[in-house]
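These notes are about the structure you will find just below.
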Amino acid sequence: LSIVGSFITGITDVANLECLTTAFFGVFLGIIIGALPGLTATTGVAIFLPMTFFMEAIPSFAFLLGIYCGGIYGGSITAILINTPGTPAAAATSMEGFPLAKKGDALKALEMALYASVVSGIISCICLVFVSPILARMALKFGPAEYFALGLLGLSIVAGLSTGNIVKGLIATCFGMFLSFIGLDPINGALRLTFGTYIMQNGITLIPALIALFAVSELLVQAEDRFKGIKEEKFEVRGKHLSFREFAEQWRHIIKSSLIGCFIGAVPATGSSVSAFLSYNEARRSAKHPEMFGKGSLEGIAAAEAGNNGVTGSTLIPTLTLGIPGDSVTAVLLGALMIQGLTPGPLLFQNEARTIYAIYGILFISNFIMLFQGIIGINFFHRVTLIPKSILQPIILALCCIGTFASATRQYELIVMTVIGTIAYFMVKAKIPLSPTLLAIILGPTIEANFRRGMMVSRGSFMKFASRPITATILAVTVFLLALSFYNEIRLSKKHN
Amino acid sequence: VEKLLKAKVLLRRSTLDLIAACIVLAFSIFMLLYGVPVLILVGYGDNTFNLTPQTLPYLVSLLMLLFGAILLRRAFVGYSKKDIDEPLVEFYGISFAVLLLCLFFLLTLYPLGYPISNMIMIIGMYYLTGGKKLLHAVALSVIFTIISVLFFYTYLKLSIPMGPLEFLLY
């Protein structure tokens with residue numbers, strides 16, 4: 001009952017003009033960003049995060065969670081209309097949406113994607129409301145050793161799953177760890193890797209790093225499109241509306257895919273792409289008309305969209321309860337929590353319960369705002385892809401620069417952004433994933449501080465430190481998952497050869 | 001200028017992996033030999049149960065050395081195959097031009113002030129991304145700059161350097 005009560009409190013807390021307006025703008029910007037090929041929800045949240053520094057905590061989350069939800073849905077628009085998924089998670093949607101659009105039923109496909117996204121977003125939010133307090137209560141018993149092990153698990157899963165090449169993922173993690181070492185040591189306050197400069201004692205601040213990793217690198221890659229002969233396509237939204245019967249026929253797939261999304265989202269590092277493809281494959285396996293898949297199946301669109309939006313609430317479960325992000329966008333949201341002076345973890349549920357309830361409320365309301373905007377703007381949102389890149393990219397670059405500078409009003413942040421942005425560009429080219437680097441920057445200090453505190457408690461004995469039951473279990477799972485990732489990679493490479 | 005922007009370097013995927021592996025190895029060796037022992041100072045009382053501020057950086061350097069070596073081995077195998085179907089990675093001059101714009105903004109922010117520096121950067125980026133009309137470029141840069149100054153300087157009261165345009169605010 002108290003869980004339901006907290007949910008209702010959350011909704012009433014955010015049902016005011018300020019929160020609703022910011023959430024409305026957030027969803028609007030999110031859909032536009034998601035619809036633009038190449039820009040993801042992560043990029044959107046990263047670009048607009050500096051705008052929230054001076055807002056109060058709850059309106060700022062309303063804005064950022066709005067961008068998150070809208071961004072995940074927005075990816076489906078261009079996936080359906082021009083076969084160019086706005087986000088990687090929408091790639092599964094394009095496999096069915098585009099053939100349906102080519103048949104002249106683009107409107108039907110867009111409506112199916114919208115309704116499936118909204119339903120699964122709400123289910124995922126309910127999952128967050130019920131699961132996170134239970135997990136937070138369990139996590140209250142955790143000590144430094146358990147937090148160290150959890151951090152390590154999060155990093156190793158990200159490194160292992162975020163790419164086809166686990167070694168590159170692990171290199172990206174190590175690089176992120178090095179960035180997190182710069183500045184003051186978390187236990188003794190010793191200076192590390194500052195090259196004798198005063199300014200580097202601040203370490204690598206989060207905002208410039210995440211803007212560089214997800215926005216600047218993307219901008220540099222997209223600038224090259226001008227010479228790659230990529231043509232901008234024009235298209236129209238045509239066809240009949242989705243009937244209630246057609247929607248109702250997909251209920252089974254929507255519910256099943258939403259639950260898959262909830263489960264996948266709660267596992268750190270898996271994210272919406274994995275969930276969308278798993279849901280799509282499951283729908284194809286259990287479909288009444290599997291022969292329709294690949295030719296414009298509504299079942300496929302419903303499953304893929306419910307799968308990718310099903311993670312929106314559940315990725316926040318490990319983020320809020322354990323401080324371990326579920327995917328790259330929640331890693332950025334984790335940064336937003338820290339900027340607002342909130343420390344993610346079980347204590348957040350005790351000390352800042354109202355903020356947590358408000359996050360539940362925002363996520364729930366954002367889905368309805370998305371439904372409203374989706375219905376009204378179905379003929380409008382796809383037109384954002386027609387905005388010339390010569391208008392869009394200067395604005396994004398300027399937003400990155402001013403956002404980074406505004407984070408601390410120092411030139412140092414701009415230097416960090418430029419340097420890390422350059423490195424990130426080469427990392428993208430070398431197919432080294434960026435998410436592990438960001439997660440390592442965020443989790444690095446937590447992992448190190450907890451490791452050293454835990455070792456002090458166990459008086460320097462690693463065996464004593466690692467033999468606590470929960471720690472030992474988590475470390476064993478970490479080693480097992482890493483070994484499994486290596487094994488799968490070797491097996492796939494042998495098969496490929 | 002257009003020729004420089006269009007200029008591209010083509011690398012085989014395995015060649016790029018080889019370069020990446022060499023950079024990773026060089027970085028980790030630098031860290032092990034110089035970065036951690038010299039740039040991380042361990043003071044009196046910093047050693048508790050043999051754990052110092054250097055411990056984890058040493059461990060991460062060693063891991064990076066190991067992963068770099070694995071990547072080098074894999075890249076070398078791919079490189080020696082000389083597969084003609086291997087995908088090529090392209091680096092265009094335009095990306096470096098965008099980076100130069102970032103550098104320009106960073107260096108001129110204080111001397112020229114945010115409005116001028118930002119407008120030049122936007123106009124530069126407009127032309128880099130294929131824009132052709134000067135009027136559009138100027139309009140875009142002026143509108144964006146005014147909005148951002150109003151938001152960050154006037155509304156949020158952030159101390160953004162205004163440079164020679166400081167007088168406009170009084």
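Quantities reported herein were computed from a predicted structural model and do not represent experimental measurements.
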With chain B, which of [options] has the greatest number of heavy-atom pairs at distances under 4.5 Å?
{"options": "A:Gly460, A:Pro50, A:Ala398", "result": "A:Ala398"}
{"options": "A:Met51, A:Gln411, A:Met177", "result": "A:Gln411"}
{"options": "A:Ala190, A:Ala430, A:Gly189, A:Ser461", "result": "A:Ala430"}
{"options": "A:Ile402, A:Leu191, A:Asp185", "result": "A:Ile402"}
{"options": "A:Leu392, A:Thr194, A:Val216, A:Ile415", "result": "A:Ile415"}
{"options": "A:Phe178, A:Phe195, A:Phe405", "result": "A:Phe178"}

Selection from [options] maximising heavy-atom pairs under 4.5 Å formed with chain A:
{"options": "B:Phe27, B:Tyr114, B:Phe96", "answer": "B:Tyr114"}
{"options": "B:Leu128, B:Leu107, B:Ile40, B:Thr52", "answer": "B:Ile40"}
{"options": "B:Leu71, B:Leu99, B:Val89", "answer": "B:Leu99"}
{"options": "B:Val98, B:Ile122, B:Leu63, B:Val60", "answer": "B:Val60"}
{"options": "B:Thr145, B:Leu56, B:Val24", "answer": "B:Leu56"}
{"options": "B:Lys132, B:His136, B:Arg74", "answer": "B:Arg74"}

Part of A:Met456 within contact of chain B (heavy atom distance under 4.5 Å): both
Residues in side-chain contact (heavy atoms from CB on, under 4.5 Å) contact with B:Leu11, at least two apart in sequence or another chain: B:Val9, B:Thr15, B:Leu16, B:Ile19, B:Phe91
Value rounded to 0.5 Å, distance of [atom1] in [X] from [atom2] in [Y]:
{"X": "A:Ile187", "Y": "A:Phe451", "atom1": "CD1", "atom2": "CZ", "answer": "11.0 Å"}
{"X": "A:Leu213", "Y": "A:Met417", "atom1": "CG", "atom2": "CE", "answer": "11.5 Å"}
{"X": "B:Phe152", "Y": "B:Leu158", "atom1": "CZ", "atom2": "CG", "answer": "7.0 Å"}

Distance-only donor-acceptor check, side chains B:Thr108 and B:Ser117, under 3.5 Å: yes
A:Thr404-A:Glu413 side chain donor-acceptor pair, cut-off 3.5 Å: no
Can you tell me which portion of [X] sits under 4.5 Å from chain A's heavy atoms? Options are side chain, backbone, both or neither.
{"X": "B:Leu140", "value": "side chain"}
{"X": "B:Tyr126", "value": "both"}
{"X": "B:Leu5", "value": "both"}

Check: B:Thr129 main-chain N/O paired with A:Ser390 side-chain donor or acceptor under 3.5 Å: no
Any donor-acceptor N/O pair, A:Lys429 side chain to B:Glu90 backbone, under 3.5 Å: yes
Member of A:Thr418, A:Leu414, A:Ile420, A:Val419 meeting the side chain to side chain contact (heavy atoms under 4.5 Å, CB included) criterion with A:Val416: A:Ile420
Whether over 12 other heavy atoms sit under 6.0 Å from B:Tyr110 OH: yes
